[in-house]
Amino acid sequence: MVNIKKSLIHTAKIFLVFAFSGYQSGLLAQQAGEVRDQEFIIRKDRVLTLPKQPRKFERIPVLPTPKSSSTFNYTVQPYFLSLPPEFIRPEAAQKQWPRKQEELFPGFVRLGYGNYSAPILEARYNNWEEEEYNFGVKVKHEGFYTGPVDGSNSAENFTQVKLDGSLFKDFFQLYGGVDYDRHQFKFYGYDPTNEFLADYVPNQNTLNNFKLRGGIQNIEKMDNFNYDVGMFVRTFNDQFEARENELGLKAYGDFWFDDDLSTGIHMDMSLTSPKDEFYENIKRNYFRINPFVQYKKSGIYIKAGANIVFENDEALNKKSDFHLFPQIDAHYMLADEFGIYAGFEGDVIRKTYFDFVQENPFLGPSERLLNTIQNYKAKAGIKGVLNDELTYEAGLAFGKFTNMHFFINNPSDTLRFNLVYDDDTRLVNYNAKIGWHIANTYRLIASANYYYYNTSTLGAAFMRPEWEVSINNNFMPMERLLLQFNANLMGGIQGLVNFGPEETNLVQLPAILDLQIKADYQITERFSAFAVGNNLLNRNNQRFLNYPVRGIQGILGVTFKF
């Protein structure tokens, strides 16, 4: 009982202590919250300073300004043999190659002038900014208003206009264009020292060729099935009576079973209606289909097919309008450094009047137009790559041809040439090619060919060279300077000055040696200057009998990109 009382008294004491403590706190709090009279002083000269806190600042990096590459022209030398282009199937690279960033200019203008009263004007513009379509325009005029024979009597000029365009859809591309080519020249193949020709003015001719083309192809070339179909309409005329209209169709398709095995088909159609002094209302039809299968793997490539051709040319030695020829091409690379190749093919090589006049513009009225029948052509050789810098190829080709064309001077007018055909021509060709490049500093491309013709109805292979050598060197001693040194040699060309069996009628032209140098220097990203020198040895070269080419010639000019 006593313990209970003590506990109650102790509890009451604790309660009283807490109670008075709270009361005192409330009094203190009430005193702290009272509003009393205060005096505030505001100082304007007082400056608030804070301690410096170290912090890292970085400038926005300035990206390097991309520079565009200089624009250079490379002269394409025409070859008299009609060889089909190599077909290359694009494949995706396994390595992610670094992409060079360039500032691209959609257009440029080139102006130049040289001796022989030779102005040059070239302008191009390409619009590729639109995602669904692009287009390009090219205009070029190059004139030589005096020439190697009697000044303006051997003048000539070239004009070219070209329009291209493409429309891109999800899976295919529509493309087309318009081409116009004009070549004006004079028949200056006379002797200027002849006193009877002191006031002679040669005839002038103008070759006009207009072409309208269009087609469709698939965009993704890595698909199993690929196609490219195109049509064109072409019309040609000169200042005399030569006319030729052509409707053409070219189609290609291939199907890949896998990365190694594929099959495909090529198709060419050409319907022409030529007219000249000795013929008119002629319909020359040509249809060619080439089915093939090809296999490639581990350095082995084999292509086998057939050339099926229908053509309606009228020739005395012709047996049928229908032709069927085999086609096989193969090579085997034992290593990158060495490989062997071989092939065998027959075909009908399409030849229009425009093809002939492109090869020899001094052609006179033709009596007949014939395609060349390649009864067979066999080839074999070696090729390889050394140290990833030097490529080489050497081989031998021989074939049999019917209606191979040649040129001889017209006996009644030696200023013009006639087309003549050989019934049975055997041709042997020894050839060698070499290519060498050292990074971006130097590049060499050289080729040599020797031809042996065995004709049946003609006395020689008139106006065709016996040998050819071509050497092209490109130097880039500094980033802004490109130098080119080219040499083109040709020899063994024989001409016929008159009809007849006498050997004295044969004449062999001197060997052609043409040395050329080009230089292009980029002054700024937009401006560059160029210089060209042709026939530096000032030789009296004649590709066709009685027609010497221009002597040493130089052209200076500038290029502006915009």
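Nothing here was measured: the structure is a model prediction, and the numbers come from that model.
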Side chain to side chain, Q204 and Q184, heavy atoms closer than 4.5 Å: yes

Hydrogens and angles aside, do N429 and Y452 bring a side-chain donor and acceptor to less than 3.5 Å of each other? no

Of N534, N472, N535, which meets side chain to side chain donor-acceptor pair (under 3.5 Å) against Q516? N534

Intermediate values then yes/no, side-chain contact (heavy atoms from CB on, under 4.5 Å), N486 and L515: CA-CA 6 Å; N486 306 321; L515 300 183; over 6 Å; no

Okay, side chain of N538, backbone of I552: is any donor-acceptor separation there less than 3.5 Å? yes

Over 12 foreign heavy atoms within 6.0 Å of OH, Y113: yes

Checking side-chain contact (heavy atoms from CB on, under 4.5 Å) for the pair L249/V229: CA distance, chi angles, key distance, verdict? CA-CA 8 Å; L249 171 67; V229 181; 4.1 Å; yes

Compute whether any side-chain donor of one residue and acceptor of the other, for T206 and Q239, lie under 3.5 angstrom apart. yes

Hits for side-chain hydrogen bond (donor to acceptor under 3.5 Å, both in side chains) against N203, two or more places apart or cross-chain, chain-then-number order -> none

Side-chain donor-acceptor contact under 3.5 Å, N157 with R182: yes

Checking side-chain contact (heavy atoms from CB on, under 4.5 Å) for the pair N290/I308: CA distance, chi angles, key distance, verdict? CA-CA 6 Å; N290 169 226; I308 306 168; over 6 Å; no

Can you confirm if the NZ or CZ of R416 lies within 45° of the ring axis of F362 and under 6.0 Å from the centre of its six-membered ring? no

Step through it carefully: locate the ring centre of F310, locate the ring centre of F322, and say whether they are under 6.0 Å apart. no

For P148 and Y116, the nearest pair of non-hydrogen atoms, with its separation, is N-CE2, 4.2 Å

How would you list, by chain and number, every residue that makes a salt bridge (charged side-chain N to carboxylate O under 4.0 Å, His left out) with R368, sequence neighbours excluded? none

Keeping the roles fixed (side chain from K377, backbone from F344), state whether a donor-acceptor pair exists under 3.5 Å. no

Would T457 and D422 count as having a side-chain donor-acceptor pair, cut-off 3.5 Å? yes

The residue among V149, L415, N360 that forms side-chain contact (heavy atoms from CB on, under 4.5 Å) with Y547 is L415

Kindly say whether E311 contributes a backbone atom to a donor-acceptor pair with the side chain of N285 at under 3.5 angstrom? no

For the residue pair M463 and I493, establish whether any side-chain heavy-atom pair is separated by less than 4.5 Å. yes

A cation-pi test, strictly: NZ or CZ of R464 under 6.0 Å from the centre of the six-membered ring of F406 and no more than 45 degrees from its axis. Yes or no? yes

Check whether any side-chain N or O of S456 sits under 3.5 Å from a backbone N or O of D424 as a donor-acceptor pair, and report yes or no. yes

Are any non-hydrogen side-chain atoms of R288 and V348 less than 4.5 angstrom apart? no

For Y200, is there any backbone N or O sitting under 3.5 Å from a side-chain donor or acceptor partner on N153? yes

Any donor-acceptor N/O pair, N115 side chain to G554 backbone, under 3.5 Å: yes

Looking at side-chain heavy atoms only, is the closest gap between I555 and E142 below 4.5 Å? yes

Run the side-chain hydrogen bond (donor to acceptor under 3.5 Å, both in side chains) test against D181 and tell me which residues pass, sequence neighbours left out. Q160

Verdict with supporting geometry, F232 and L212, side-chain contact (heavy atoms from CB on, under 4.5 Å): CA-CA 5 Å; F232 67 89; L212 178 65; over 6 Å; no

Is R234 salt-bridged to D179, cutoff N-O under 4.0 Å? no

Sequence neighbours excluded, which residues qualify as salt bridge (charged side-chain N to carboxylate O under 4.0 Å, His left out) partners of D514? none

Is the centre of the F158 ring less than 6.0 Å from the centre of the H183 ring? yes

With a 6.0 Å cut-off on ring centres, are F325 and Y376 close enough? no

Are the side chain of T146 and the backbone N or O of G151 linked by a donor-acceptor pair below 3.5 Å? no

Has L537 got more than 12 heavy atoms of other residues, nucleotides or ligands less than 6.0 Å from its CG? yes

Lys/Arg cation over aromatic F144: R550, 6.0 Å, 45° cone: yes

Check: N410 side chain, N418 main-chain N or O, donor-acceptor pair, under 3.5 Å: no

Between D329 and Y301: side-chain donor-acceptor atoms closer than 3.5 Å: no

Non-hydrogen atoms of I282 and P274 that approach each other most closely: O-CD, 3.5 Å

Any chance NZ of K433 has more than 12 other-residue heavy atoms, nucleotides or ligands included, within less than 6.0 Å? no

Exceeds 12 heavy-atom contacts within 6.0 angstrom, atom CH2 of W467: yes

Those residues that, when tested against T402, pass side-chain hydrogen bond (donor to acceptor under 3.5 Å, both in side chains) (two or more places apart): N375

Describe, in one word, how the ring planes of F475 and Y442 are oriented to each other, choosing from parallel (under 30°), tilted (30 to 60°) and perpendicular (over 60°). tilted

Report yes if some heavy atom in the side chain of L419 is under 4.5 Å from a heavy atom in the side chain of Y421; otherwise report no. yes

Flag this pair as yes if the NZ/CZ of R350 is under 6.0 angstrom from the six-membered ring centre of F356 and inside a 45 degree cone about the axis; otherwise no. no

Less than 4.5 Å apart, side chain to side chain, heavy atoms only: is that true for F544 and N409? no

Between S152 and A155, is there a donor-acceptor pair closer than 3.5 Å when you use the side chain of the first and the backbone of the second? no

Going by the rule side-chain hydrogen bond (donor to acceptor under 3.5 Å, both in side chains), which residues pair with N431 if we only count those two or more places apart in sequence or in a different chain? none

Tell me, yes or no, whether the heavy-atom count around F398 atom CZ, taken from other residues, nucleotides or ligands under 6.0 Å, exceeds 12. no

Heavy-atom check, side chain of V428 versus side chain of L396, under 4.5 Å: yes

Could you tell me which non-hydrogen atom of Y175 sits nearest to which non-hydrogen atom of G230, and how far apart they are? OH-CA, 4.1 Å

May I ask you to check whether F354 and F236 place their ring centers less than 6.0 Å from one another? yes

For the pair E122 and R110, find out whether any cationic side-chain nitrogen is under 4.0 Å from an anionic carboxylate oxygen. yes

Indicate whether any N or O donor in one side chain lies under 3.5 Å from an N or O acceptor in the other, for E156 and Y145. no

Tell me whether K138 at atom NZ has more than 12 heavy atoms from other residues, nucleotides or ligands lying less than 6.0 Å away. yes

Between S270 and E246, do the side chains contain an N or O donor and an N or O acceptor separated by less than 3.5 Å? yes

Is a salt bridge present between D150 and K186, judged by a nitrogen-to-oxygen distance below 4.0 Å? no

What are the two closest heavy atoms between R213 and V178, and how far apart are they? NH2-N, 4.3 Å

E195 side chain reached by L197 side chain, heavy atoms, under 4.5 Å: no

Flag, side chain of R284 to backbone of K351, donor-acceptor distance under 3.5 Å: yes

